[in-house]
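Scope of the values below: all heavy atoms of this structure, side chains included, with no hydrogens, waters or symmetry mates. Computed from a predicted model, the values in this text were never measured in an experiment.
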Amino acid sequence: MKLQSVQHLLEPVLEPLIRRVVKEEVEVAFRKHLNNMKRNGGKDVNSTSRILQLQFLNNLSLPVFTGTRIEAEECSVIKVAIVDSLTGQIVSSGPESSAKVEVVVLEGDFDGDEGDNWTLEEFKNNIVREREGKKPLLAGDAFLTLTRGIGLVGEISFSDNSSWTRSRRFRLGARVVDGSDGTRVREAKTESFIVRDHRGELYKKHHPPSLSDEVWRLEKIGKDGAFHKRLSRENINCVKDFLTMLFIDPPRLRHILGTGMSAKMWEVTVEHARTCVLDKRMHLYCPPGSQQKSGVVFNIVGQVMGLLSECQYNTIDKLSETEKIEAQNLVISALQHWEEVVSFDDEASLTSSVKREISNGTKYLASQEIRGFDYAQPSASSPDIISTIYSVGGLSGLDDYALHGYEQALSYPGQVTNSLICDTDITQTFCDEDHLRYFDSDLQPQSLGLESQADLQTAVDGFLLRRTVAVQAQRRWTKIFSVLKWFSIKRRVKEKFRGLQI
């Protein structure tokens with residue numbers, strides 16, 4: 001009885017409500033069915049006919065500002081093409097390949113139904129017009145003509161930002177103005193994007209930044225913000241200054257920015273700075289005393305590229321941790337003594353220069369090894385050992401030199417002429433038998449452990465023609481003067497002994 005009474009009371013109220021809900025749902029479903037019939041009408045009639053559509057071939061360069069030309073990525077021109085949706089190929093022939101196309105502005109939330117499908121009416125309803133009293137929303141030449149299925153968008157720009165629309169975003173759309181033979185060509189649309197007022201471009205971050213950009217162009221560093229002011233106080237005004245400090249002393253740079261910059265923000269800023277495109281120039285700094293044989297190689301922002309050690313160039317990946325620290329310290333010194341830094345166009349020119357130095361050094365060492373020792377050229381005041389020997393004309397003059405000037409002569413080894421060791425003429429002079437007469441006539445080869453005069457000649461030849469390094473050459477000269485000195489002393493003793501006998 002209670003159930004029947006409740007049903008009797010609720011039925012007049014619930015029935016109209018249920019009817020209305022069912023009616024609305026049926027109408028929505030019926031409307032969708034009709035739209036699908038319109039879309040697929042041509043396909044149902046002739047399943048073999050082409051389905052054409054417009055497409056944007058490249059993405060827009062973001063962000064977009066009012067009054068600035070709308071471009072594609074990498075500052076290229078926006079391209080629109082007509083393609084066959086079944087094959088994906090560009091239609092390069094037929095009347096459709098030369099159709100006239102209009103670029104329009106669409107609502108940012110216009111997505112269409114499933115599969116990005118929409119009717120012509122839906123596309124038109126989502127076109128955005130300018131606000132009342134404003135200039136046309138899209139300024140410039142919004143029309144283009146396809147050539148072999150591809151068209152280039154002219155110079156167009158937004159005259160208003162997107163903040164006043166329902167989605168606060170825009171899309172660009174493209175539609176065929178004069179359809180060929182009534183063929184339906186589906187419109188194209190880009191991804192949604194925000195259009196900012198041109199005043200915001202003054203604070204735009206550059207991707208990638210350049211070395212001359214002000215430091216606030218880096219991510220997470222705002223113009224005239226706290227980080228910008230901290231960096232300015234340390235004379236870090238541009239991206240180059242930031243990178244140089246980053247490679248020279250990263251802890252100090254981190255300390256300058258302070259705790260207000262989180263670890264995540266630091267990573268973002270550093271990563272953005274590292275994308276800066278650097279030139280290929282290399283710089284070499286050899287500290288005083290290295291004689292251009294050792295030094296550090298670095299780039300324009302102080303990043304160590306390698307180390308030069310005894311004319312051997314080693315890249316950064318081949319250096320030990322100790323060598324890296326040494327190289328870093330040399331870079332700091334180089335920046336303080338920039339007038340001593342040598343620049344090269346690239347790494348190849350640097351390495352080739354090092355190879356030339358090595359080659360020249362090898363030839364120099366080889367020539368010194370042939371000469372015997374690496375001493376400086378004689379000066380006017382230095383004693384020339386060989387010329388002194390020649391000037392005496394005989395052992396009588398040599399005696400005084402041997403006894404009194406011998407030590408003085410050897411005290412100037414650095415002044416001996418290099419060419420004296422193996423000069424052919426001099427060697428021949430010493431080896432000539434005529435010059436052996438300067439030795440004591442009573443001196444017999446047997447006293448030197450030799451069997452004949454020819455053996456004595458051979459010994460002198462072998463001694464003077466032997467080619468060795470500097471220390472050995474000097475030792476040989478010491479020996480020969482010791483022999484000459486001994487001859488001189490022996491002769492004097494003989495003369496005194498004969499005088500006593502007389």
May I ask you to test the L308-V296 pair for a side-chain heavy-atom distance under 4.5 Å? no
Would you check, one step at a time, whether the test salt bridge (Lys or Arg N to Asp or Glu O under 4.0 Å) holds for D109 with R166? CA-CA 8 Å; D109 57 1; R166 66 184 182 222; 3.0 Å; yes
Within the distance-only criterion (no hydrogens, no angle test), does the side chain of D213 pair as donor or acceptor with the backbone N or O of P209 below 3.5 angstrom? no
Which pairs with one or both residues in residues 72-108 pass ring-ring contact (aromatic ring centres under 6.0 Å, His included), sequence neighbours excluded? none
Check ring-ring contact (aromatic ring centres under 6.0 Å, His included) between H272 and all other residues, then give those that pass, not counting sequence neighbours. H207
Is it true that a side-chain atom of D84 and a backbone atom of G88 form a donor plus acceptor pair closer than 3.5 Å? no
Report yes if some heavy atom in the side chain of E71 is under 4.5 Å from a heavy atom in the side chain of I78; otherwise report no. no
Please step through side chain to side chain contact (heavy atoms under 4.5 Å, CB included) for the pair W118 and K189, ending with a clear verdict. CA-CA 11 Å; W118 57 80; K189 63 181 178 63; 3.5 Å; yes
Where at least one partner belongs to residues 314-328, residue pairs that pass salt bridge (charged side-chain N to carboxylate O under 4.0 Å, His left out), sequence neighbours excluded: E321-K324
Using the rule given for side chain to side chain contact (heavy atoms under 4.5 Å, CB included), can you reason through N125 versus I127, listing the C-alpha separation, both sets of side-chain angles and the distance that settles it, and then say yes or no? CA-CA 6 Å; N125 291 337; I127 294 177; over 6 Å; no
Give, for atom SG of C75 and atom CZ of R69, the distance between the pair rounded to the nearest 0.5 Å. 10.0 Å
side-chain hydrogen bond (donor to acceptor under 3.5 Å, both in side chains): which pairs involve residues 130-141, sequence neighbours left out? R131-D160
Using the ring of F227 (Phe, Tyr or Trp, six-membered ring only), decide whether K220 places NZ or CZ under 6.0 Å from its centre and within 45 degrees of its axis. no
Applying ring-ring contact (aromatic ring centres under 6.0 Å, His included), can you list everything that pairs with F170, at least two apart in sequence or on another chain? F158
Listed by chain and number, what are the salt bridge (charged side-chain N to carboxylate O under 4.0 Å, His left out) partners of R175, not counting sequence neighbours? E102
Is there a donor-acceptor contact under 3.5 Å from the side chain of K100 to the main chain of T145? no
List for me each residue that meets salt bridge (charged side-chain N to carboxylate O under 4.0 Å, His left out) alongside D345, sequence neighbours excluded, and say none if there are none. R281
Could you tell me whether R171 and D111 make a salt bridge, using a distance below 4.0 angstrom between a side-chain N and a carboxylate O? yes
Spacing of E107 atom CD and R168 atom CZ [to the nearest 0.5 Å]: 12.0 Å
Partner set under side chain to side chain contact (heavy atoms under 4.5 Å, CB included) for P136, not counting sequence neighbours: none
Could you walk me through whether L350 and V297 pass side chain to side chain contact (heavy atoms under 4.5 Å, CB included), step by step? CA-CA 9 Å; L350 169 67; V297 179; 3.3 Å; yes
To the nearest 0.5 Å, atom CG of N237 lies from atom OG of S212 at 13.0 Å
More than 12 heavy atoms of other residues, nucleotides or ligands under 6.0 Å from NZ of K124: is that the case? no
Validation row: T147, I150 side chains within 4.5 angstrom (heavy atoms): no
Going by salt bridge (charged side-chain N to carboxylate O under 4.0 Å, His left out), name the residues that satisfy it together with E214, two or more places apart in sequence or in a different chain. none
Treating S159 as the side-chain partner and L138 as the backbone partner, does any N or O pair qualify as donor plus acceptor under 3.5 Å? no
Shortest non-hydrogen contact from A99 toward V176: CB-CG1, 4.1 Å
Could you point out which residue of Q55, Q53, E96 forms a side chain to side chain contact (heavy atoms under 4.5 Å, CB included) with I82? E96
I'd like to know if the side chain of R217 and the backbone of H206 have a donor-acceptor N/O pair within less than 3.5 Å. no
Mind jotting down which residue pairs meet the side-chain hydrogen bond (donor to acceptor under 3.5 Å, both in side chains) criterion with at least one end in residues 239-266? Sequence neighbours excluded, please. E234-R252
Judged by atom type as modelled, is there a donor-acceptor pair below 3.5 Å linking the side chain of S92 to the main-chain atoms of R148? no
Determine all donor-acceptor pairs shorter than 3.5 Å in which one atom belongs to a side chain in residues 327-336; sequence neighbours excluded.
{"residue": "Q328", "atom": "NE2", "partner": "F247", "partner atom": "O", "Å": "2.1"}
{"residue": "Q328", "atom": "NE2", "partner": "I248", "partner atom": "O", "Å": "3.4"}
{"residue": "N329", "atom": "ND2", "partner": "I325", "partner atom": "O", "Å": "3.3"}
{"residue": "S333", "atom": "OG", "partner": "Y285", "partner atom": "OH", "Å": "3.2"}

Sequence-distant partners of E191, salt bridge (charged side-chain N to carboxylate O under 4.0 Å, His left out), two or more places apart: none
Would you say S97's side chain and V91's backbone share a donor-acceptor pair under 3.5 angstrom? no
Please report the closest heavy-atom contact between V341 and F298, naming both atoms and the distance. CG1-CZ, 4.1 Å
Would H283 and I300 count as a side chain to side chain contact (heavy atoms under 4.5 Å, CB included) if you check the C-alpha gap in whole Å, the side-chain angles of each, and the deciding distance to 0.1 Å? CA-CA 7 Å; H283 305 281; I300 189 62; 3.8 Å; yes
Using modelled atom types only, decide if a donor and an acceptor are shared between the side chain of S309 and the backbone of Q312 within a distance under 3.5 Å. no
